[in-house]
Amino acid sequence: MSTTVRRLLYLGIFALYLLHNDLWLWHDSSLVLGLPVGLVYHIGFCFAAIALMALLVNYAWPTEFDEEEQTP
Amino acid sequence: MTTTIIFVYLGMVLSIGLLSNRLFRGTGEDYFVASRSIGPFLLLMSLFGTNMTAFAILGASGEAYHSGIGVFALMPSGSALIIPVIFFFIGTRVWALGKKHDFLTQVQYFRQRWESDGFGLLLFIVMIALLIPYLLIGVMGGGLTLAQVTKGEIPQWAGGLLVCLVVLTYVSFGGMRGTAWANAFQTMVFMVLGGIAFFVIVDKLGGLDNAMAQVAAKHSNLLIRGDHISPIKMLTYTCMPLSVGMFPHLFTHWLTAKSARTFRWPLMFYPLCIAVVWLPSVLLGIFGHLDFPGLKGPAANSVLVKMIDMHAPGVLAGLLAAGVFAAIMSSLDSQVLSISNMFTQDIVRHYRKDSELSEKDQVLWGRLFVFFIFAVAYGLSLVSARSIFTLAVWSFTGFASLFPIIVAALFWRRSSKVGAFASVITVAVLWSYFFFQGWKVPGYTVGMTGVMPVAVILTASAAAMVIGSLMSKPPKETTLEKFF
């Protein structure tokens, strides 16, 4: 995998961390899909975390540790 | 009925733990880290189960009762990102080093990394001191739940004793393999039962839309974060999940992985597991206002038990109690085993002068320490009157503040034992200061500004590591070659 992709994914972690602080929904009590929008946002955040982890696993995996398992 | 269900459940957990004993290989490595043979699914379930305590079921609903939906943003959602990231950057590296150098404990690694016996001993003492309150959460939480669900028929002391005896038995016989199997079973139990409790209660409340409309009409402030949680508190609270990087029981679970690739499942599915467990708890806590308005302080922690008692007594109450027990025991077992591992490896084996401790003796010492730790934890639970959830927050604060140590050890060649000593001492001093300042103040933050104490201690700890390291000699090149 390329170093650029790896760095972009690391940047994605930081971006997602910033997005955790959804100040714009702090006082919004409207309902989306039957749930408060502030709650729906953070459920979506959990799914975004799943997606990011899947990308890290597939495109930024530390392959050097896979070699370690070959040693007895 | 309730009591019968609980005893049937405990019997099942015991059987699973004891069954694992058939695969026991009789070595210290097998007893403490299951011969590094755990696969992806078991690793996911045991890591998640170990990290979820009674707080995720009872505490979350109690907190949501007071603070509304913001609890989900404050606790599980941040953890859904930060914890898998720690597994990715730290867990995989720890596994590789453990495999290469046969490490069984954190202290073994830090001792060699910074060429210091003294540092290992200091860290051992600090970590045991921080882990004991965490152990008490399990023992006290089990007793409280049983007393509530059976309406006092089974007193708190008996519930705590029951939890201790069951976990003591399967940990002693099954070691880490029994713990991982029992953890996986119990994690699935509390995830499924939490979901069942949610659907049954929401149905009795007239469905999700109806319940939500009632809350919106009467308690609309629970549907926003508003003044319940300040933005600065939410930002600094994200330091809390860093504790995962220094928990001895999670460190030990990392070492059990069969390969580095085993971490892929836990990485991807951990956020899903968190959402599945916390979402029903938070929503039920909010809906609790419809049936039980006006609960004050810690009384809200029992709102879930009260709702089940009102809407679905009998079988569901028994199943919920089983779910809470599952959450409690799946943490307690790993914590006790990791402390027993630390005493055996870092004290008995390390300081033994005459000869190397045999594999058989390691297992024997391990079992003796498991018994001893349960006896101490149970004794302390009888005389402790502290709020169990406040205990959790302070324990997490301490471990999260030690996070710079593992980061420096793994990623910073120049870090030295002086920096590591400075970091731990800083944590010990500042943690004690904030603990005595904030112990009796509900929702304490630094100067009541919204800043969590963990953010201040963590910053100071990182600064102490950097300054101490730069002002002292780096480790020897031969040592660095071992680890980088």
Side-chain angles (χ1 to χ4, degrees), chain A residues 1 3 5-72, chain B residues 36 68-70 72-74 76-78 80-85 87-89 92-93 95-97 99-100 207-209 212-213 215-216 220-227 229 231 234-235 238 257-272 274-276 278-279 282-283 286:
Chain A
M1 90 251 9
T3 311
V5 172
R6 185 179 284 211
R7 283 180 183 162
L8 277 173
L9 288 171
Y10 292 173
L11 203 63
I13 297 172
F14 184 64
L16 199 54
Y17 176 74
L18 291 180
L19 286 171
H20 182 256
N21 301 280
D22 56 330
L23 300 176
W24 57 94
L25 292 175
W26 218 265
H27 298 281
D28 190 343
S29 62
S30 56
L31 299 181
V32 175
L33 304 171
L35 294 171
V37 66
L39 187 59
V40 173
Y41 179 86
H42 280 278
I43 296 168
F45 182 89
C46 291
F47 282 97
I50 294 170
L52 182 61
M53 291 309 133
L55 289 171
L56 279 169
V57 161
N58 286 297
Y59 299 106
W61 188 250
T63 47
E64 63 271 26
F65 301 141
D66 291 341
E67 289 160 19
E68 190 62 48
E69 69 201 60
Q70 308 302 326
T71 59
Chain B
R36 304 178 206 269
I69 59 154
F72 193 85
L74 189 70
S77 140
L81 174 66
I82 293 167
I83 292 177
V85 166
F87 292 169
F88 181 80
F89 285 106
T92 50
R93 280 172 173 77
W95 173 84
L97 287 169
K99 168 101 173 161
K100 187 175 178 184
L208 184 63
D209 289 344
M212 198 56 80
V215 173
S220 59
N221 63 327
L222 294 174
L223 304 186
I224 56 171
R225 264 153 283 169
D227 297 330
I229 295 164
M234 194 161 105
L235 180 68
T238 54
K258 196 172 187 177
S259 68
R261 278 177 296 185
T262 310
F263 281 85
R264 291 179 178 212
W265 270 42
L267 271 163
M268 290 189 285
F269 294 109
Y270 198 95
L272 182 65
I274 283 194
V276 165
W278 278 77
L279 188 59
V282 169
L283 284 173
I286 294 168

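These numbers were taken from a predicted model, which means no experiment stands behind them.
Within the model, atoms CG of Asn221(B) and NE2 of His27(A) stand 12.0 Å from one another, a figure rounded to the nearest 0.5 Å. Here the CH2-CZ distance, from Trp61(A) to Arg264(B), works out to 5.5 Å after rounding to the nearest 0.5 Å. Atoms CG and CZ, from Leu56(A) and Phe87(B) in turn, are 14.0 Å apart once rounded to the nearest 0.5 Å. With values rounded to the nearest 0.5 angstrom, Arg225(B) atom CZ is found 8.5 Å from Leu23(A) atom CG.
Smallest separation of non-hydrogen atoms from Phe88(B) and Pro62(A): CE1-CD, 3.9 Å. Ala49(A) and Ala80(B) make their closest contact through CB-O, 3.6 Å (heavy atoms, listed as atom of the first residue, atom of the second, distance). Closest of all the heavy-atom pairs between Pro271(B) and Cys46(A) is CB-O, 3.7 Å. Closest of all the heavy-atom pairs between Leu52(A) and Leu81(B) is CD2-CD1, 4.2 Å.
For the pair Leu35(A)/Leu208(B), a side-chain contact is recorded, criterion being any heavy-atom separation below 4.5 Å from C-beta on. For the pair Thr238(B)/Asn21(A), no side-chain contact is recorded, criterion being any heavy-atom separation below 4.5 Å from C-beta on. At least one side-chain heavy atom of Met53(A) sits under 4.5 Å from a side-chain heavy atom of Val85(B). Ile50(A) is not listed as a side-chain neighbour of Tyr270(B), based on a closest heavy-atom distance of 4.5 Å or more.
Between chain A and the options Pro231(B), Pro84(B), Ala216(B), Gly68(B), heavy-atom pairs under 4.5 Å are most frequent for Pro231(B). Contacts with chain A were tallied for Asp227(B), Ile274(B), Leu222(B), Ile229(B); Ile229(B) has the most, counting heavy-atom pairs under 4.5 Å. By number of non-hydrogen pairs under 4.5 angstrom with chain B, the leading residue of Gly38(A), Ser30(A), Ala48(A) is Gly38(A).
Using a distance-only test at 3.5 Å, with no hydrogens or angles considered, no donor-acceptor pair links the side chain of His20(A) to the main chain of Leu235(B).
Looking at Leu279(B), the atoms closer than 4.5 Å to chain A (heavy atoms on both sides) all sit in the side chain, from C-beta outward. When heavy atoms are compared at a cutoff of 4.5 Å, Met268(B) approaches chain A by way of both its backbone and its side chain. In this structure, chain A has no heavy atom under 4.5 Å from any part of Arg36(B). At a 4.5 Å heavy-atom cutoff, the contact between Ile82(B) and chain A is made by side-chain atoms alone.
Partners of Trp265(B) by ring-ring contact (aromatic ring centres under 6.0 Å, His included), not counting sequence neighbours, listed by chain and number: Phe269(B).
For Phe47(A), the CZ atom sits in a loose shell: 12 or fewer heavy atoms of surrounding residues, nucleotides or ligands are nearer than 6.0 Å.
For the side chain to side chain donor-acceptor pair (under 3.5 Å) condition, the pairs that include at least one residue of residues 32-47 of chain A, sequence neighbours left out, are Asp22(A)-His42(A), His42(A)-Ser77(B).
Taking the six-membered ring where the residue is Trp, the centroids of Phe72(B) and Phe45(A) are separated by 6.0 Å or more.
Among the candidates Ile286(B), Leu283(B), Leu223(B), the single residue satisfying the side-chain contact (heavy atoms from CB on, under 4.5 Å) test with Leu39(A) is Leu283(B).
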Review point. Step by step, would you call Asp209(B) with Leu31(A) a side-chain contact (heavy atoms from CB on, under 4.5 Å)?
Key: CA-CA 10 Å; Asp209(B) 289 344; Leu31(A) 299 181; over 6 Å; no
